[in-house]
Amino acid sequence: MAVAPAVTNLRLLHISSSAVVPKQCPAPSSVQLVGRSSSSRRFKPPLRAALQTSVVLREEGESGGGAATLRELCRGHVPDHVLSRFLSRAEGIGYVMPTDVQSQALPVLLSGRDCVIHAQTGSGKTLAYLLLVFSAVKAQRSAVQALIVVPTRELGMQVTKVARMLASKAADNDLEEKSSCTVMALLDGGMLRRHKSWLKAEPPSIVVATIASLCQMLDKQIFKLDALEVLVIDEVDFLFNSSKQVSSLKKILTSYSSSSKRQTVFASASIPQHKRFVYDCIQQKWTKRDVVHVHVNAIKPLPSCLQHKFVVCTKKLKHAVLLSLLHSDAPKSAIVFVGEQSEKSKKAGNGPSTVLLVDFLKTSYRGSSDVLLLEEDMNFNSRAASLSELREGEGYLLVATDIAARGVDLPETTHIYNFDLPRTAVDYLHRAGRTGRKPFSDEKCNVTSIITLEERFVLQRYENELMFNCEEVII
Ligand SMILES: Nc1ncnc2c1ncn2[C@@H]1O[C@H](COP(=O)(O)OP(=O)(O)OP(=O)(O)O)[C@@H](O)[C@H]1O
């Protein structure tokens, strides 16, 4: 990477403690390691050594959400054209102050270190890694220099949109031509033949890709990752958990490109067993040895603006309860999460519960919002149409499966309803995180789960694991 600024005045903070222990640190390349959590004693020596590298770096006086602006945070650490172009564009759309994760991750990212960005949903991880990408990419070079891997087409479209918006050239400004970089979305359901010609004719600087489409191109050697400067894996825990995607992901990390030649960034709001993950990153050579784990709000995994509620009823009454909640809450924009239909229910010839719920709401709900559907079984065009309708409409009531739970940014959403309880605490966290996505807003948002009496203990388990309190609503 061209920009490898000396980060001065850094304080070194131990990651696993909320009461952090500051120590002076001369430069990122010679980070002194501090204390060790008692839990690390359980691990074998190599893991302990890896854990000791998992630290958070912050600049002196820039504790999360401090007084420094994004521009001040980047000045001196990014090339001038990033300040004059991408950052100006960011400021134009209202990103002036950094969020906590941006304050903490940017000094690490811009110092050239590999990084695991681990911070709440809606905390602004995307802009943090995009600023690194724009700093690393040289527009004049005709090669793919940055690759952002995402789990779904929907998230890919969103990241591409933000990247293109930041990269867009001001009208009639030829001076900007020099720094213009192209962003390609290589996503499942896209026109791969067209992408093939584009990649061959003039490779884009930045590719945002889902794994299947990406590997199709790499396997056929349509393009290579020889010139890769930055590799970002967004929603990393989801990709590693997906039996369909994990082996290809490992190939991207170790065979198609090498961690010694690129900067590697992992991002997610949930990285279960994160110490083990950091250890694996080093052992498996997914990252370099001095990878930094930036863990923001470690003791509060869910945004504090969320109010969690639940209603107990029988399965048969769930539709009526949802309707009653919608009428009393009158949300302008809400998402109703529905579980996947079981094989047993399919075999019994029942229709998909998502479709049945949409039909029910279309006939019974008298709210002002349009009722829309987003689920895996829809074709890609219908999925895209649903999302653009949502973004353009005045308000929405979206019925969705967990496909909408990861990364999708619909900041107007104020209410989440779990029509079916999520299968795991991590799924609860990501569903809940589709609301409360305005970083500097005090607005309270609601997450309401409709559960049977038997499910109460499951929800309690999620409350313990994610450290939140759920209040009962009696209807
Ligand atoms: N510095 C900033 N100032 C104001 N708004 C910001 C800033 N950075 C990001 N945002 C806004 O915050 C919202 C959430 O950002 P983003 O989608 O990057 O979150 P995330 O951390 O990736 O969340 P998730 O884990 O759910 O994917 C977006 O609507 C984005 O426009």
Side-chain angles (χ1 to χ4, degrees), residues 62 64-74 86-106 109 115-133 148-152 154-166 208 232-239 265-272 294-297 300-303 305-306 333 335 337 387 390-391 400 402-414 416 426-443 445 447 466:
E62 284 175 5
T69 60
L70 264 174
R71 183 170 286 274
E72 283 159 353
L73 206 56
C74 292
F86 305 112
L87 214 69
S88 299
R89 200 75 80 252
E91 288 162 348
I93 46 180
Y95 304 162
V96 177
M97 298 308 292
T99 60
D100 283 357
V101 67
Q102 289 157 7
S103 296
Q104 296 194 24
L106 277 169
L109 294 171
C115 186
V116 178
I117 313 178
H118 187 178
Q120 287 178 346
T121 50
S123 56
K125 297 183 282 296
T126 316
L127 183 66
Y129 68 65
L130 281 180
L131 283 172
L132 165 70
V133 163
I148 301 167
V149 178
V150 292
T152 61
E154 282 67 26
L155 181 54
M157 282 161 44
Q158 184 181 292
V159 172
T160 307
K161 192 174 160 199
V162 179
R164 285 189 180 147
M165 190 163 61
L166 295 174
V208 180
V232 179
I233 312 286
D234 205 347
E235 306 294 343
V236 60
D237 57 315
F238 182 91
L239 289 171
V265 180
F266 294 114
S268 184
S270 55
I271 305 187
V294 173
H295 196 179
V296 183
N297 279 316
K300 228 177 166 306
L302 284 162
C305 63
L306 304 188
S333 298
I335 306 178
F337 280 103
L387 268 184
L390 283 178
R391 293 202 159 100
D402 282 290
I403 192 177
R406 284 278 181 163
V408 172
D409 184 42
L410 297 165
E412 301 311 319
T413 308
T414 51
I416 299 291
V426 166
D427 290 341
Y428 185 98
L429 177 147
H430 286 277
R431 284 186 184 182
R434 291 321 98 203
T435 186
R437 298 184 68 82
K438 293 185 179 172
F440 301 103
S441 160
D442 294 330
E443 188 180 24
C445 295
V447 184
L466 300 172

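Each residue takes its place number in the sequence, starting with 1. Computed from a predicted model, the values in this text were never measured in an experiment. All ligand and atom numbering here is 1-based and tracks the order in the structure.
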> What does the list of residues with a heavy atom under 4.0 Å from ligand 1 look like, ordered by chain and number?
Replying inline: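 Tyr95, Met97, Thr99, Gln102, Gln120, Thr121, Gly122, Ser123, Gly124, Lys125, Thr126, Glu235, Ala269, Gly407, Asp409, Pro411, Arg434, Arg437, Pro439, Phe440.
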
>> So does Thr413 get a backbone contact from the side chain of Thr435, meaning a donor-acceptor N/O pair under 3.5 Å?
In response: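 A pair under 3.5 Å: yes.
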
> Is the side chain of Gln104 donor-acceptor paired with the backbone N or O of Val296 at a distance under 3.5 Å, no angle test?
Replying inline: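 A pair under 3.5 Å: no.
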
>> Which heavy atom of Thr121 sits nearest to which heavy atom of Gly433, and what is that distance?
In response: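 Between these two residues, the closest heavy atoms are OG1-CA, 3.1 Å.
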
>> I need the minimum non-hydrogen distance between Cys74 and Leu131, along with the two atoms involved.
In response: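 Reported closest heavy-atom pair: SG-CD1, 4.2 Å.
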
> Do Arg437 and Glu412 sit within salt-bridge range, that is, some charged N less than 4.0 Å from a carboxylate O?
Replying inline: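 Between Glu412 and Arg437 there is no salt bridge, as every charged N stays at least 4.0 Å from the carboxylate O atoms.
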
>> Does any part of the side chain of Thr152, heavy atoms only, come nearer than 4.5 Å to the side chain of Val408, both counted from C-beta?
In response: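 When only atoms from C-beta onward are counted, Thr152 and Val408 do not touch, as no gap falls below 4.5 Å.
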
